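Everything quoted here is computed from the prediction, not taken from an experiment.
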Amino acid sequence: MRYFVFCQSDLVLEKHGDTCRIPQEAPTDVKPWTVVMDIDGDKAYRIDTPLAETERYVMCPLRQSYYRLEEEEYLKAGKCQELLYWERNTRFCGVCGGPMQFDTPISKKCTHCGKEIWPQLATAVIVLIRRRVASPAGATPAPAGATYRVSGGSPAGKEEVLLVNAKSFRDDHYGLVAGFVETGETLEQAVHREVMEETGLRITNLRYFGSQPWPYPCGLMVGFTADYDSGSIHLQATELAKGAWFDRDHLPHIPEKLSIARQLIDAWLATTPDTAQP
């Protein structure tokens, strides 16, 4: 049994040689009023004050634990964080205000009106948009081995991706167009809407890539790839600070390895111009 113990968004890790792991016994005294959740054979609970670092334990932000834990433990820590967040924010019924109590390990029921609730996810879409840069119509073809430059400095025939810097980012990295799915939308409709709203572009050849739990605090990221269809970049000023097309040889600072944004970019980088979609 492991103990996933959080103080706000920081996780208690147990030092294990040159690595870390999730403690296999409770690293703190459990108070009588502490809510301890049973999650797939493990325990999870919150503490009010972070632990001081010792020879045995260290506190680590959940995001950074990705680089210190085995992937399975990182993913399980994310699930525990999401369920603890849900538990804390559902103490009272949204219908009548009565106290909620656990009915199953992942559901609650109101003690007054019987309203039942389960954890909910905030679903978001994210998309890598690519385009092939072609020589302007009527241009003389470049000799074999030569490079032809078009406006923006991109070599003709090279593939580019659209990268954006959101105003919510804490640093200067560039990511992909993303946004939350709205009520009544399909995932595909959400992608098209977000791209149009944030960049003014139309896309085609939309394809599913994969998905990723995103426990910050309770999200699910659904990734897609798409091809540029038409339009010029007009950034949504309230959401994006910068955005442009980039080829493989001139990428800016991109997202860190833990994100599906980076997975999408890395998968694109692993292709060659011959295998990439036109």
Pairwise side-chain contact, Lys79 with Leu83, heavy-atom cut-off 4.5 Å (strictly under):
yes

Do Glu159 and Asp247 come close enough that some side-chain heavy atom pair is under 4.5 Å?
no

Any carboxylate oxygen within less than 4.0 angstrom of a Lys/Arg side-chain nitrogen, looking at Glu25 and Arg56?
yes

Can you give each donor-acceptor pair under 3.5 Å made by side-chain atoms of residues 161-174, sequence neighbours left out, with the distance rounded to 0.1 Å?
residue : atom : partner : partner atom : Å
Asn165  : ND2  : His173  : O            : 2.7
Lys167  : NZ   : Ala237  : O            : 2.5
Asp171  : OD1  : His173  : N            : 3.0
Asp171  : OD1  : His173  : ND1          : 2.5

Do Arg207 side-chain atoms and Thr225 backbone N/O form a donor-acceptor pair below 3.5 Å?
no

Any heavy-atom pair between the side chains of Ser259 and Trp214 that's under 4.5 Å?
yes

How many angstroms lie between NE2 in His16 and CD in Gln24, if you round to the nearest 0.5 Å?
8.0 Å

To the nearest 0.5 angstrom, please state how far the OG atom of Ser230 sits from the CD1 atom of Ile203.
10.5 Å

With side chains defined as the heavy atoms from C-beta onward, is the minimum distance between His112 and Cys93 less than 4.5 Å?
no

With Val222, which of Val181, Ile126, Val127, Thr123 fulfils side chain to side chain contact (heavy atoms under 4.5 Å, CB included)?
Thr123

Under 3.5 Å, side chain of Lys115 to main-chain N/O of Met100, donor-acceptor pair present?
no

Within a reach of under 6.0 Å around CZ of Phe180, are more than 12 heavy atoms found that belong to other residues, nucleotides or ligands?
no

Heavy-atom side-chain proximity of Gln81 to Ser9 below 4.5 angstrom
yes

Is the CD atom of Glu71 crowded by more than 12 outside heavy atoms at less than 6.0 Å?
no

Check whether Gln212 reaches the backbone of Leu258 with its side chain - one donor and one acceptor, N or O, closer than 3.5 Å.
yes

Return the minimal non-hydrogen interatomic distance between Gly175 and Pro255, and the atom names on each side.
CA-CG, 4.0 Å

Student check: side-chain heavy atoms of Thr199 and Gln236 closer than 4.5 Å:
no

Return yes if some donor-acceptor pair links the side-chain N/O of Gln64 with the main-chain N/O of Pro61 below 3.5 Å, else return no.
no

Donor-acceptor contact below 3.5 Å, side chain Arg248 vs main chain Trp268:
yes

Atom pair NE2/CD of His192 and Glu188 - distance to nearest 0.5 Å:
7.5 Å

Going from CD1 on Ile254 to CZ on Phe246, what distance comes out if it is rounded to the nearest 0.5 angstrom?
11.0 Å

Check this for me: Arg88, atom CZ, are more than 12 non-hydrogen atoms of other residues, nucleotides or ligands nearer than 6.0 Å?
no

Assess the residue pair Tyr45 and Thr28 against the criterion (side-chain hydrogen bond (donor to acceptor under 3.5 Å, both in side chains)); give the C-alpha distance rounded to whole Å, side-chain angles, the decisive distance to 0.1 Å, and a yes or no.
CA-CA 10 Å; Tyr45 64 90; Thr28 68; 2.7 Å; yes

Report the distance from atom CG of Leu128 to atom CZ of Phe209, rounding to the nearest 0.5 Å.
9.0 Å

Under a 4.5 Å cut-off applied to non-hydrogen side-chain atoms, are Pro119 and Glu82 in contact?
no

Quick check against the 3.5 Å criterion: does Glu73 have a side-chain atom that pairs as donor or acceptor with the backbone of Glu70?
no

Set of side chain to side chain donor-acceptor pair (under 3.5 Å) partners for Tyr66, sequence neighbours left out:
none

Work out which heavy atom in Phe6 is nearest to a heavy atom in Ala77; give both atom names and the distance.
CZ-O, 3.4 Å

With a 4.5 Å limit on heavy-atom distance, are the side chains of Trp86 and Ile117 in contact?
yes

Over all atoms of both residues, closest heavy-atom pair of Ile47 and Val12:
CD1-CG2, 4.4 Å

Please report the closest heavy-atom contact between Lys15 and Tyr57, naming both atoms and the distance.
CE-O, 4.0 Å

For Ala244 and Ile233, which heavy atoms make the closest approach, and how far apart are they?
CA-CD1, 4.1 Å

So, are Glu87 and Lys108 salt-bridged, with charged N and O less than 4.0 Å apart?
yes

For Leu235 and Gly243 the tightest heavy-atom approach is CD1-N, 3.4 Å

Whether over 12 other heavy atoms sit under 6.0 Å from Asp29 CG
no

Could you give the distance from CG (Leu187) to CD (Gln189), rounded to the nearest 0.5 Å?
9.5 Å

Is Glu14 salt-bridged to Arg2, going by a charged N under 4.0 Å from an acidic O?
no

Would you say Arg46's side chain and Gln8's backbone share a donor-acceptor pair under 3.5 angstrom?
yes

Are Lys43 and Asp38 ion-paired here, with the side-chain N under 4.0 Å from a carboxylate O?
yes

